[in-house]
Amino acid sequence: MDAELERWRLILGEAASELGDLGERAAARDAALDWLYGRDESLGRRGIRRAGSRTRGGAGQTGGAGASTLSTPEWIGAVHRLFPTPTIERLERDAVERFRIDDLVTNPEVLRRIEPNQAMLRAVLTTKHLMNQEVLALARQLVNRVIRDLMERLATEVRQAFTGPRSRTPTRVPNSRNLDIRRTLRANLRHFQPDTGKVVIERPYFTTRSAKRMRPWQVVLLVDQSGSMLDSVIHSAVTAACLWGLPGIRTHLVAFDTTVVDLTRDVEDPVELLMKVQLGGGTDIAQAVQYAAGLIDNPRQAIVVLISDLYEGGNDFTLRREVASLVGQGTEVVALAALNDESGAVFNPFMGQQLADLGAHVGAMTPGELAGFLADTIGRS
């Protein structure tokens, strides 16, 4: 069977058996796919794929390779042996997010082999209560690897955002890094040599560079820890850790559902912080905003970032009153429906519009966009 037919045979499964027999490696791939996607009852009803009843390798060979014959560790081993990395990540993500195969992240043998990525991180955070101490230690290693990667990527964006405007003061001290190219060329254009096409630099000009001094600001991140906000919880922890070391900024991280938990003391260790987060429960946004208001020392030098889908389980009137009070005292209020890599989310548009009418900034951002917004706001002070 040629490669193109083999691909369609793997995609369509038993429905495409007339395309021909699969070779040994392709049959193994088919078994791995069947172990996972054979669980989809809708495909079975449509006659596309049914676990454990597929033709294998050649005519007359049926069954024996479906969901009932592979353990999770065996499946992980097969997937890592048979597929390229992007496909491995997709299969593992579907296993934990679409089919809820919890032992993918609660089985120590699997955790030692699994590909660290954000899908696995989400799975660990939602199933950590099922883990014994051995599994929890392995899970923490996975969380650490994913968070370290996120930190490295976001730290660069944060540094760039907070580099800030720089003053340029003329100086007589020559330094190649501080050469003022535009002024130097403009002043020496009269020495242009047409025959060589070059400008002879008789006098170079230099400038000193000094970062604009920032007045101290408070940044309070309020994060809804309900299950639907998991991605935002992860990125909030990473964002807070990246902001923590910046001069002139005092960062707070507060998680909430129907209660409020101040996680600021753990901000420097986002792995430990995330392992402490308790996902799920109701939502009382007003109570969280009240808590944030109590943290603020100088209202005109503070930014409150509320990260929530804005479906208030508490008192809508109290929430609007608290936001209006913050805005009225000069505090910048940002209500984000999501803080993740896609900057898109489902949220309560009615409440979002009400908060916008009160003077809050409402939307969704990536962590890098939030860093840029904070830098712009602080830079205007």
Side-chain angles (χ1 to χ4, degrees), residues 158 161-162 214-226 229 232-233 235-244 246 248-257 259-265 267 273 283-339 343 345 347-348 351-367 369-381:
V158 170
F162 280 88
M214 293 192 305
R215 296 161 60 191
W217 277 72
Q218 276 181 282
V219 176
V220 183
L221 300 178
L222 290 177
V223 190
D224 184 341
Q225 62 178 351
S226 60
M229 299 297 295
S232 294
V233 172
H235 285 92
S236 296
V238 173
T239 300
C242 291
L243 293 174
W244 187 260
L246 293 177
I249 297 179
R250 184 150 56 98
T251 306
H252 306 263
L253 180 61
V254 178
F256 69 91
D257 42 37
T259 60
V260 175
V261 181
D262 196 326
L263 299 170
T264 302
R265 67 179 182 180
V267 162
L273 187 154
T283 307
D284 191 335
I285 306 173
Q287 180 181 211
V289 175
Q290 285 178 322
Y291 182 85
L295 294 174
I296 294 173
D297 297 325
N298 184 348
R300 294 186 176 277
Q301 297 292 123
I303 303 173
V304 173
V305 183
L306 169 64
I307 304 166
S308 171
D309 58 14
L310 301 180
Y311 285 99
E312 174 64 295
N315 190 300
D316 287 0
F317 173 79
T318 303
L319 172 57
R320 292 193 298 270
R321 184 191 66 201
E322 291 296 325
V323 170
S325 176
L326 286 171
V327 173
Q329 69 184 13
T331 298
E332 294 282 350
V333 178
V334 185
L336 298 183
L339 182 67
S343 70
F347 68 104
N348 183 349
M351 179 58 73
Q353 185 60 60
Q354 288 189 319
L355 297 186
D357 291 342
L358 292 171
H361 305 273
V362 179
M365 296 183 183
T366 65
E369 289 169 344
L370 175 59
F373 174 86
L374 295 175
D376 289 343
T377 301
I378 292 171
R380 291 196 300 267
S381 65

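Quick caveat, the model's predicted, so the values are computed rather than measured. Reckoned from all heavy atoms, side chains included, excluding hydrogens, waters and symmetry mates.
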Please tell me if the side chains of [X] and [Y] come closer than 4.5 Å, counting only heavy atoms from C-beta onward.
| X | Y | answer |
| --- | --- | --- |
| Trp217 | Leu374 | no |
| Asp297 | Arg250 | yes |
| Asp224 | Tyr311 | no |
| Thr251 | Thr239 | no |
| Val289 | Phe256 | no |
| Asp309 | Met229 | yes |
| Val304 | Ile296 | yes |

Inter-residue atom distance [X].[atom1] - [Y].[atom2], 0.5 Å rounding:
| X | Y | atom1 | atom2 | answer |
| --- | --- | --- | --- | --- |
| Leu306 | Leu326 | CG | CG | 10.0 Å |
| Ile285 | Glu312 | CD1 | CD | 4.5 Å |
| Leu319 | Gln287 | CG | CD | 12.0 Å |
| Leu358 | Gln353 | CG | CD | 10.0 Å |
| Ser236 | Ile307 | OG | CD1 | 3.0 Å |

No-hydrogen, no-angle side-chain donor-acceptor test under 3.5 Å, Thr259 and Asp257: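 A pair is found: one side chain offers a donor N or O, the other an acceptor, under 3.5 Å apart.
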Stepwise side chain to side chain contact (heavy atoms under 4.5 Å, CB included) test for Asp262 and Tyr291: CA-CA 9 Å; Asp262 196 326; Tyr291 182 85; 2.7 Å; yes
Full working for side chain to side chain contact (heavy atoms under 4.5 Å, CB included) between Phe373 and Val305: CA-CA 11 Å; Phe373 174 86; Val305 183; over 6 Å; no
